[in-house]
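Structure first, then comments.
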Amino acid sequence: MKFELIQLPYATDGLEPVISKQTIEFHHGKHLLNYVNTLNKLIEGTELENAPLERIVRESEGALFNNAGQVLNHNLYFTQFSPNGGGEPTGKLAEAIKSTWGSFENFKKEFVAAGTGLFGSGWVWLAKDKDGKLSITKEPNGSNPVVKGLTPIMGFDVWEHSYYLDYQNRRADHLNALWNIIDWETVGKRY
Ligand code: MN
């Protein structure tokens, strides 16, 4: 299987001022493209060549795991935003968040705290288990909750390449701003 660079469901400047056009162009057009191209090179001729991306992430290691994980991570990441995003989740996801963390506000606080507390590069995810139980997971580098048997629902990228041009070292400010562009309709469908 040849993986392809996903198309953005918005213009490159559509998420400004939360994420600048320049950051989107580098992050999607260069970083993600490089992960996709490297994954395609590494997967060729292996027994996982035609496997779905989630399975490759679960069953590989080393460079293949890193690049497959980052393609999966960024495909979920870039499709969870909208220029008309923000607000609050609705329906079943809203109920599950409230019953797990008490309130949406408290969930956001704990999610951002997990992201700012992650040392080095990685991701913070909202994930669900097979029974629909929600949790916040911290994943190092290119990992994804699928390696823990969980389904990823929403992820914040805390690699510096995702925010440094716009926020420099202010990771918490970047993470807090992301709530303004989350497309809860898309994220809700993953739950
Ligand atoms: Mn990234």
Side-chain angles (χ1 to χ4, degrees), residues 3-43 52-54 56-58 60-83 85 108 111-127 136-148 150-183 186-187 190:
F3 291 99
E4 289 180 9
L5 181 68
I6 52 148
Q7 293 202 343
L8 297 172
Y10 40 77
T12 51
D13 63 357
L15 303 179
E16 289 190 340
V18 176
I19 305 177
S20 70
K21 181 175 193 278
Q22 190 187 22
T23 290
I24 290 287
E25 285 172 349
F26 272 95
H27 198 186
H28 174 264
K30 295 188 188 294
H31 288 278
L32 177 53
L33 179 63
N34 187 48
Y35 294 131
V36 171
N37 289 339
T38 307
L39 168 61
N40 282 329
K41 272 186 217 132
L42 293 171
I43 199 81
L53 192 49
E54 288 81 358
I56 298 171
V57 175
R58 280 197 305 267
S60 64
E61 51 189 29
L64 179 55
F65 170 76
N66 290 335
N67 285 277
Q70 284 292 66
V71 174
L72 175 60
N73 289 338
H74 289 89
N75 287 357
L76 292 163
Y77 175 82
F78 283 117
T79 53
Q80 73 191 354
F81 299 130
S82 164
K108 287 198 292 185
F111 197 84
V112 168
T116 52
L118 195 154
F119 187 80
S121 296
W123 292 77
V124 56
W125 289 95
L126 172 63
I136 294 169
T137 80
K138 292 198 263 188
E139 304 296 333
N141 302 310
S143 190
N144 183 282
V146 296
V147 303
K148 297 167 175 163
L150 302 172
T151 301
I153 291 174
M154 182 189 72
F156 285 6
D157 187 345
V158 302
W159 285 60
E160 287 185 345
H161 69 218
S162 74
Y163 63 88
Y164 217 83
L165 289 172
D166 304 332
Y167 297 82
Q168 292 78 50
N169 63 326
R170 292 175 289 114
R171 186 193 281 188
D173 289 352
H174 168 68
L175 298 181
N176 277 311
L178 289 179
W179 300 117
N180 296 316
I181 52 169
I182 290 292
D183 178 0
T186 297
V187 171
R190 295 177 185 164

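Model, not experiment: these values are computed from the prediction. Atoms within each ligand, like the ligands themselves, are counted from 1 in listed order.
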- Query: Taking just the N, O or S atoms of H161, which one is nearest to the Mn ion (ligand 1)?
  - Reply: NE2
- Message: Under 2.8 Å from the Mn ion (ligand 1), can any N, O or S atom of H31 be found?
- Response: no
- Query: How about W125 and Y77: are their ring centroids closer than 6.0 Å?
  - Reply: no
- Describe, in one word, how the ring planes of H74 and H27 are oriented to each other, choosing from parallel (under 30°), tilted (30 to 60°) and perpendicular (over 60°). perpendicular
- Hey, is the main chain of T38 close enough, under 3.5 Å, to the side chain of N67 for a donor-acceptor pair? no
- Indicate yes or no: does R58 engage E54 in a salt bridge with an N to O separation below 4.0 Å. no
- Nearest 10° is fine: what angle sits at the Mn ion (ligand 1) between NE2 from H74 and NE2 from H27? 90°
- For D157, what is the atom name of its N, O or S atom nearest to the Mn ion (ligand 1)? OD2
